[in-house]
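The structure under discussion appears below in the form of structure tokens.
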Amino acid sequence: MVEASTFRDVLAQWPSGVTVVTTVVDGVRHGMTASSFSSVSLDPPLVSICLDRRLYSHGLVETSGVFGISVLAKDQAEVARRFAGMTGDVGDRFDGETWSTAATGVPLLDSALGWLDCRIVHAYPGGDHTIFVGEVLAGHAARRTAPLLFHSRGWGQFADVLPDVATLADTGLVSSLAARGEAGDAVHRTARHVRRSGIRVRVADLTAGGSLQTLPWAREIAGDAGETYPRSALVESAVQARQAIDRGIPVLELRADGRDPRSVERAAILARELAGEDGAEGRVVILEDAFAVAGEAALGAIDVLAHSGATEICLDDTSGAATPLQVRSLLQDAVGIARPVPLRLRLRDKDRLGLVNVLTALKSGVHHFDTTLGGLDGAVATEDLVRLLGTLDVDTPADAAALDRLARRLREHPPGSTTSPSPNGVSASTAHSTPMPSL
């Protein structure tokens, strides 16, 4: 038989969630921290807990015939320690928290990730433990955030795991080239080449009062209608969205001010409206200044957008406020709140922190990013991010070599010069007699 120490050491490597098991006897509340909790059946809904027969709580649960399970969140390690008897002499472990009751009358932690209210239907001997199987009479999913984990005899959070694949969208190239006076055909040619490298490109911003018919590259966009390369347009109304769709632009981007709940609600309403539009394959809501507002306000806005018709939510570091600690803190909750809607990030490269923030985001569960070729508008450079992903063995559909060639041509012949980048790296003349208006 395996030695007890070896058995414990092996089991310590198995990560599990952390719960508070509660019961009530003669009107008195009791609770303990436990990780030996598991689902048993969906129909009927059954769960199990395994309690050491030597524990005082074992007899209480056995006597009462009922128990509650409160699943702890990542920020509730102190609660876990208190109910494990690790915080010294505590008069009442239940003090300092709010509790509810459901069918059985056992206390259920309001601030937990969720709780289950159970009645014991089976009790099986399990060595020095008893396996209690409970029928779930009531349940509530109260929060969406990362759970508290128990591993190697300590409490913590999920380990950082990089994604297998990351996708990119260039949302700043066209507007940056236009703002610097590049001619329409040169803007279109550069954007088309980026699209063909496997990156979605925002080809039009209709929110400044323009229309696709009046944009200098309208003819070129119309000529691309049969292409399958990904394109997006920034819109703020259903009319503008229909213009984009009619030109064969299937991804619609909407803006919401993260500091203004009314702006967030308007974007959510428009996203729902556009969800019914034929040809609107994607609806990306951009939450501006997501890292410059209080965490709870940002999370509230993400929750609203996650229940709209959005297919993606982009957290935009508009003012360059993001730091690695802020990115980590926000995303630990935001990823769960947004699910199943994927999050994407647009990060600025302020103080050369752009790629550091990207790495933090990758390790926090985000693998979609908005960038700009050459970092023309201060955002993380598309080619730099593709290069970073390559060193991390994170796959991306982007053609790294093609993007490097394009970025190099932009550096050698910056916007406003007499030449512009061409797909094969050969200079092409551009006319500047009709400068392009800023998007």
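Of all heavy-atom pairs between R180 and L376, the closest is NH2-O, 2.5 Å. Contact record, D43 with S41: N-OG, 3.3 Å, taken as the closest heavy-atom pair. In terms of heavy-atom proximity, R348 sits nearest to S319 at CD-C, 4.3 Å. The two atoms that bring D278 and R242 nearest to each other are O-NH2, 3.2 Å, heavy atoms only. Closest approach of L330 and A290 over heavy atoms only: CD2-O, 3.9 Å. Closest approach of S100 to D110, counting heavy atoms only: OG-OD1, 2.5 Å.
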Pair L388-V358, side chain to side chain contact (heavy atoms under 4.5 Å, CB included): steps then yes or no: CA-CA 9 Å; L388 173 65; V358 166; 4.2 Å; yes
Chi angles and distances behind the salt bridge (charged side-chain N to carboxylate O under 4.0 Å, His left out) call for E78, R82: CA-CA 6 Å; E78 189 277 332; R82 191 191 323 154; 2.7 Å; yes
Trace of the side chain to side chain contact (heavy atoms under 4.5 Å, CB included) decision for H193 with R189: CA-CA 6 Å; H193 189 56; R189 183 168 58 250; over 6 Å; no
Full working for side chain to side chain contact (heavy atoms under 4.5 Å, CB included) between L72 and V79: CA-CA 8 Å; L72 298 186; V79 177; 4.2 Å; yes
Pair S197-D399, side-chain hydrogen bond (donor to acceptor under 3.5 Å, both in side chains): steps then yes or no: CA-CA 5 Å; S197 75; D399 184 334; over 6 Å; no
Audit row: D164, V394, side chain to side chain contact (heavy atoms under 4.5 Å, CB included) steps and yes/no: CA-CA 5 Å; D164 295 325; V394 178; over 6 Å; no
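Judged by distance alone, the side chain of D349 and the main-chain N or O of G354 form a donor-acceptor pair under 3.5 Å. Formation of a donor-acceptor pair under 3.5 Å by the D117 side chain with backbone atoms of A103 is found in this model. A donor-acceptor distance shorter than 3.5 angstrom exists from the side chain of R93 to the backbone of G31, with no hydrogens or angles considered. No donor-acceptor pair under 3.5 Å is formed between the side chain of D289 and the backbone N or O of A292. Without hydrogens or angle criteria, E97 side chain to F94 main chain gives no donor-acceptor distance under 3.5 Å. S329 places no side-chain N or O within 3.5 Å of a backbone atom of L325 that could act as its donor or acceptor partner. Side chain of R344 to backbone of F369: a donor-acceptor contact under 3.5 angstrom is found. A donor-acceptor pair is defined here as one N or O able to donate and one able to accept, closer than 3.5 Å; no such pair exists between the side chain of N357 and the backbone of L359. A donor-acceptor contact shorter than 3.5 Å is absent between the side chain of D316 and the backbone of L287. A donor-acceptor contact shorter than 3.5 Å links the side chain of R231 to the backbone of G248.
Counting heavy atoms from C-beta on, the side chains of T101 and V106 never come closer than 4.5 Å. With contacts defined as side-chain heavy-atom distances shorter than 4.5 Å, the pair F150/T33 does not qualify. Using a 4.5 Å heavy-atom threshold, the side chains of L234 and R255 count as touching. For the pair L46 and V136, the minimum side-chain heavy-atom distance is 4.5 Å or more. K363 is listed as a side-chain neighbour of R328, based on a closest heavy-atom distance under 4.5 Å. A 4.5 Å side-chain heavy-atom check between V341 and T311 finds every atom pair outside the cut-off.
A donor-acceptor pair shorter than 3.5 Å cannot be found between the side chains of R29 and T22. Side-chain contact check for D257 and S263: no donor-acceptor pair (N or O, by modelled atom type) lies under 3.5 Å. Looking only at atom types and distance, the side chain of Q76 has a donor-acceptor partner in the side chain of S111 under 3.5 Å away. Donor-acceptor pairing under 3.5 Å is lacking for the side chains of T207 and E236. Inspection of the T104 and R119 side chains reveals no N or O donor paired with an N or O acceptor under 3.5 Å.
Considering T371, T171, T372 as possible partners of D377, the one that fulfils the side-chain hydrogen bond (donor to acceptor under 3.5 Å, both in side chains) test is T372.
In this structure, R200 pairs ionically with E312, as a charged nitrogen and a carboxylate oxygen lie closer than 4.0 Å. Using a 4.0 Å cut-off between a side-chain N of Lys or Arg and a carboxylate O of Asp or Glu, D170 and R202 do not qualify as a salt bridge. Using a cutoff of 4.0 Å between basic side-chain nitrogens and carboxylate oxygens, R346 and E288 are not scored as salt-bridged.
A ring-centre distance under 6.0 Å is not found for F37 and F132.
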